[in-house]
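First comes the structure, then the notes that go with it.
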Amino acid sequence: MKLLNYTTTYFAFLLLLIITVWALIFYWQMLDEIYDSMDDGLENQKMLVIQKAIKDPSILQKTNFDDGYYTFRKVTKSDKILSHRDQYRDTTMYMLNEDDFEPVRLLESIFRHEDEYYKVKVITSMVEEDDLIEDLFYSILWLYIGMVVSILLLNNFLLKKVWHPFYDLLRKLKNFNIESDQEIHYAETNIEEFKLLNKNVDRLLKKSRESYVNQKQFIENASHELQTPLAISINKLELLLESEHLNEKDISLLADGIQNLERLSKFNKSLLLLSKIENRQFENIETLNINQVLQEIIDSLEDLADLRKINIEFEQQQQLLFEGNKELIFILYVNLIKNAIIHSSKNNRIYINVAQNEVVIQNEGEHSLNTAVIFQRFYKKSGVKSSTGIGLALAKAIADKYELGLHYQFREGHLFITKFPVNLKNS
């Protein structure tokens with residue numbers, strides 16, 4: 001629901017921002033309208049007061065606001081007086097009922113009566129701006145609260161219900177396994193877009209499943225079809241090699257042919273195994289003791305190590321337990337240890353250490369390998385003819401399958417390190 005929540009939050013924020021801007025604009029427009037209304041009222045009161053003064057000149061002696069809303073004051077004739085225009089301004093006046101100074105709107109004007117000039121002042125009460133701001137603030141605040149509550153209700157009930165088929169599909173796709181024959185049952189929906197999405201996802205999954213099965217069958221069939229003639233050819237050449245009518249040159253050529261065919265057979269098996277790993281065809285999971293697996297591999301490679309006069313040192317600082325396929329884990333460390341034996345010079349040693357949830361395999365070396373291509377297929381640093389160039393690629397594929405983080409370092413020799421999850425119950 002993250003996308004939905006982000007979208008709703010963004011929409012709410014944008015809407016609240018728009019309302020805030022609108023409220024500020026409305027506030028200034030409302031103030032302007034209030035002032036226009038008060039000024040019109042003062043203009044009308046001024047005219048009435050002047051008419052009243054013409055009829056009753058006695059009120060021209062009223063010089064303060066104690067008993068009314070207007071005052072008069074005689075002024076001398078001057079250019080300034082003659083050019084005087086009506087002036088509106090805000091001021092304060094003491095109000096008995098409030099016992100405080102309150103804001104009022106004041107109009108000052110000059111008029112002529114019987115060759116005399118008088119300044120008239122007219123006042124009217126006005127809306128207090130701070131009260132207006134406070135009322136507007138609380139109005140917007142309640143509007144905000146109402147919108148937030150509405151958006152939360154909309155998000156948690158209506159939108160979740162509308163988007164339920166989409167998130168249900170995402171959850172099922174996350175758990176989908178192309179190796180199995182399971183089918184995805186789509187949630188019922190009346191939304192045309194989700195119906196179209198379900199239809200296209202179903203078509204894509206079926207096509208992917210079909211392609212996967214066809215690829216898997218092709219690889220298996222091609223491998224078996226290649227393996228049979230290779231085995232027959234090797235057997236026939238071995239029988240021919242036992243013939244007494246061959247000279248040394250013929251024997252040498254036959255031996256080279258058998259060696260190449262055996263290498264091709266080994267290469268074919270490695271490619272098939274690599275394909276099976278990538279297609280996740282090893283699902284037989286069991287609890288493995290990595291230390292025991294390593295010891296078995298060391299025992300099985302003892303003859304090869306002795307032949308090359310390589311001493312294997314095995315240090316066990318920790319017992320590693322791991323849930324996985326034994327055949328794959330065995331292949332992983334066979335390839336790593338065998339790679340170390342083959343690429344080490346004679347009368348040297350290989351150091352294998354199990355500690356801190358990792359396995360380190362180290363052999364001698366003077367220069368670092370190219371980390372960019374070391375785990376690629378068919379990469380070979382040396383000219384070892386028996387190497388297919390797939391061993392480290394196989395090891396990398398298995399390590400990636402189990403997220404063991406296989407990586408290479410050069411530190412006083414070549415180090416191949418596999419890291420196991422820290423939550424394993426090891427001792």
Side-chain angles (χ1 to χ4, degrees), residues 174-175 177-180 182 216 219-220 223 266 269-306 310-344 349-363 374-375 377 387-388 390-409 413-427:
K174 183 179 180 181
N175 299 324
N177 187 355
I178 197 171
E179 294 100 26
S180 64
Q182 64 177 4
K216 177 182 173 184
I219 292 173
E220 291 178 350
S223 176
K266 182 180 177 182
K269 290 179 180 179
S270 298
L271 282 179
L272 176 62
L273 179 60
L274 186 59
S275 176
K276 286 183 176 181
I277 294 171
E278 293 175 346
N279 290 330
R280 300 180 181 273
Q281 293 178 233
F282 292 87
E283 301 300 331
N284 185 19
I285 305 300
E286 58 182 300
T287 301
L288 304 174
N289 186 311
I290 301 300
N291 301 64
Q292 293 180 2
V293 172
L294 290 172
Q295 188 61 59
E296 291 179 22
I297 295 172
I298 292 171
D299 294 339
S300 66
L301 295 176
E302 186 177 355
D303 291 339
L304 178 61
D306 290 342
I310 301 293
N311 181 35
I312 300 178
E313 298 181 9
F314 185 27
E315 183 176 353
Q316 305 179 57
Q317 300 179 18
Q318 179 185 10
Q319 290 293 318
L320 276 178
L321 301 179
F322 182 69
E323 297 287 334
N325 182 278
K326 184 175 182 179
E327 182 180 355
L328 289 184
I329 299 299
F330 196 89
I331 294 172
L332 166 64
Y333 287 110
V334 161
N335 279 282
L336 292 178
I337 297 175
K338 189 175 181 180
N339 177 77
I341 294 174
I342 293 174
H343 293 92
S344 293
R349 74 180 182 94
I350 293 173
Y351 177 68
I352 302 173
N353 183 31
V354 181
Q356 299 179 350
N357 287 73
E358 67 179 20
V359 176
V360 179
I361 300 173
Q362 180 179 5
N363 66 299
I374 187 174
F375 293 112
R377 300 181 189 182
S387 174
T388 61
I390 298 183
L392 291 181
L394 271 173
K396 182 63 174 174
I398 297 171
D400 290 345
K401 173 182 172 63
Y402 290 115
E403 298 180 355
L404 299 182
L406 172 61
H407 64 282
Y408 165 80
Q409 292 181 5
H414 305 294
L415 280 74
F416 289 88
I417 305 169
T418 49
K419 288 185 174 292
F420 289 79
V422 296
N423 58 349
L424 290 175
K425 296 180 180 179
N426 302 317
S427 59

Practice item. For Tyr408, check ring-ring contact (aromatic ring centres under 6.0 Å, His included) against everything at least two apart and list the hits. Key: His414, Phe416
Exercise for review: Check the pair Phe330 / Asn325 against side-chain contact (heavy atoms from CB on, under 4.5 Å), numbers first and verdict last.
Suggested key: CA-CA 9 Å; Phe330 196 89; Asn325 182 278; over 6 Å; no
Practice item. Check the pair Val359, Leu294 against side-chain contact (heavy atoms from CB on, under 4.5 Å), reporting the backbone distance first and the verdict last. Key: CA-CA 10 Å; Val359 176; Leu294 290 172; 4.0 Å; yes
Point to revise | Leu321 side chain near Asn289 side chain, heavy-atom distance below 4.5 Å | key: yes
Practice item. Test side-chain contact (heavy atoms from CB on, under 4.5 Å) on Thr418 and Phe420 and set out the steps. Key: CA-CA 7 Å; Thr418 49; Phe420 289 79; 4.0 Å; yes
Revision key, fill the gap. Output for pair (Ile297 CD1, Glu302 CD), nearest 0.5 Å, gives 14.0 Å
Point to revise | Test item: Leu415 and Ile361 side chains (from C-beta on) under 4.5 Å apart, heavy atoms | key: no
Review point. Roughly how far, to the nearest 0.5 Å, is CD1 of Ile352 from CG of Asn291?
Key: 11.0 Å
Point to revise | Value rounded to 0.5 Å, distance of NZ in Lys326 from CD in Gln292 | key: 8.0 Å
**Study point:** Criterion side chain to side chain contact (heavy atoms under 4.5 Å, CB included) against Asn363, the qualifying member of Ile337, Ile312, Ile350, Ile342
**Key:** Ile350
Exercise for review: Give, for atom CG of Leu392 and atom CG of Leu406, the distance between the pair rounded to the nearest 0.5 Å.
Suggested key: 8.0 Å
Check your understanding: Roughly how far apart are Leu320 CG and Gln356 CD, rounded to 0.5 Å?
Key -> 11.0 Å
Practice item. Give, for atom CG of Leu301 and atom CD1 of Ile310, the distance between the pair rounded to the nearest 0.5 Å. Key: 12.0 Å
Check your understanding: Does Asn335 offer a backbone N or O that forms a donor-acceptor pair with the side chain of Asn339 under 3.5 Å?
Key -> no
Point to revise | side chain to side chain donor-acceptor pair (under 3.5 Å) assessment of Gln317 paired with Glu315 | key: CA-CA 6 Å; Gln317 300 179 18; Glu315 183 176 353; 2.8 Å; yes
Check your understanding: So, does Lys419 use its side chain to make a donor-acceptor pair with the main chain of Asn357 at under 3.5 Å?
Key -> no
Review point. If only atom types and distance count, is the side chain of His343 paired as donor or acceptor with the main-chain N or O of Ile341 below 3.5 Å?
Key: no
Exercise for review: Determine whether the aromatic ring centres of Tyr402 and Phe322 lie less than 6.0 Å apart.
Suggested key: yes
Check your understanding: For residues Gln295 and Asp299, is any side-chain donor paired with an opposing acceptor at under 3.5 Å?
Key -> yes
